[in-house]
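The structure that follows is given in the form of structure tokens.
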Amino acid sequence: MKILVSESDFDAGTEISALHAGQPRVGAVASFVGLVRDLNEGSDVTTLTLEHYPAMTAKSLQAIVDEAAKRWLLLDVTVIHRVGRLLPMDRIVFVGVASMHRSDAFVACEFIMDYLKTRAPFWKKEGTPDGNRWVEARLSDEKAADRWHPVDVAAAE
Amino acid sequence: MKVKVLYFARLRELFNLESEVLEFPGEQVYAAAVIDFLRKRGEPWATELGLDAGNRMAVNQTLAGIVTPVKDGDEVAIFPPVTGG
């Protein structure tokens, strides 16, 4: 298990290799890489600065990974999230999940990203030609995370 | 009891404050009492920390709600919905 919050870039190939090195039980590694786009809400984005809550960040990522490990059979997980000042095309986030079979790896990878987007204390500020602006949370991200909740309150009523 | 309150992102900029220590009588309050105290400062606190403003809270680095208990020495963080990933 590796959880890292860093200003430094990462190499996805190296991280994927590390998830199965010397582990003959791993039959599948699924991974996700999030990147900085140069366009958001109709404006050019020239820089992206990521703020976080250092005391809480690793703790919340660990809780998300622990929750994934309760739901699926996982052999190893790596989560890397960058902070600080980034540029378009830079890598922001890496999630890699090693499991015996692809289904658990695929699903857990998506779950971790959905929960990370709505629960881990990171905030993005975009630099645009019109000035800086905080990125607004998206309802679609909340909905994506809501899919995974064990109890659907509306359905239970 | 003393509580450390932290602000992040847009709220940190708006309040021009990263953190402060607040003092409350007694040994425990609900997180709602911290918010109420701050809202009584007037604007921009009153609006930004309104129930419909959509901001989030954590107590001791765990996501919390207004009925989460807060005790002496606890750390309360108030921040906008997160936008990482």
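Only a predicted model underlies this, so the values are computations on that prediction, with no experimental measurement involved. Throughout, a chain's letter reflects where its sequence line sits, starting with A, and its residues are numbered from 1. Any value given below was found using the heavy atoms of this structure, including those in side chains, with hydrogens, waters and symmetry copies removed.
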_Please give me the minimum heavy-atom distance between A:Trp134 and B:Glu13, naming the atom from each residue._
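Where A:Trp134 meets B:Glu13 most closely, the heavy atoms are NE1-OE1, 3.0 Å.
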
Check: More than 12 heavy atoms of other residues, nucleotides or ligands under 6.0 Å from CD of B:Glu18: is that the case?
Finding: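 It does not: B:Glu18 CD has 12 such atoms or fewer within range.
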
Practice item. Report the option among A:Arg82, A:His52, A:Lys59 that has the most heavy-atom pairs separated by less than 4.5 Å from atoms of chain B. Key: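 Most heavy-atom pairs under 4.5 Å with chain B: A:Lys59.
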
Exercise for review: Check whether more than 12 heavy atoms from other residues, nucleotides or ligands sit under 6.0 Å from atom CD of B:Glu43, and answer yes or no.
Suggested key: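 Enclosed.
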
Heavy atom to heavy atom, less than 4.5 Å: which residues from residues 72-85 of chain B reach chain A?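 The stretch touches chain A at B:Glu75, B:Ala77, B:Phe79, B:Pro80, B:Pro81, B:Val82, B:Thr83, B:Gly84, B:Gly85.
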
Quickly, which of B:Asn60, B:Leu6, B:Leu63, B:Thr62 forms a side chain to side chain contact (heavy atoms under 4.5 Å, CB included) with A:Met56? Name it, please.
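That would be B:Leu63; it is the only one of B:Asn60, B:Leu6, B:Leu63, B:Thr62 passing the side chain to side chain contact (heavy atoms under 4.5 Å, CB included) with A:Met56.
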
Going from CZ on B:Arg56 to CZ on A:Arg119, what distance comes out if it is rounded to the nearest 0.5 angstrom?
->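 B:Arg56 atom CZ to A:Arg119 atom CZ measures 9.5 Å (nearest 0.5 Å).
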
Quick check: are there more than 12 heavy atoms from other residues, nucleotides or ligands sitting under 6.0 Å from CG of A:Leu39?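 More than 12 heavy atoms, drawn from other residues, nucleotides or ligands, come within 6.0 Å of this atom.
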
Taking every non-hydrogen pair under 4.5 Å, which of A:Phe32, A:Trp123, A:Phe122 racks up the most with chain B?
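Top count of heavy-atom pairs under 4.5 Å with chain B: A:Trp123.
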
- request: Would you check if the side chain of B:Gln61 reaches a backbone N or O of A:Ala55 as a donor-acceptor pair within less than 3.5 Å?
  value: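 Flag not set: sc B:Gln61 to bb A:Ala55 has no pair under 3.5 Å.
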
Counting only heavy atoms closer than 4.5 Å, note whether A:Glu142 contacts chain B via side chain, backbone, both or neither.
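The side chain, not the backbone.
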
(message) What part of B:Ala58 gets within 4.5 angstrom of chain A, counting heavy atoms only: side chain, backbone, both, or neither?
(response)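 Side chain only.
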
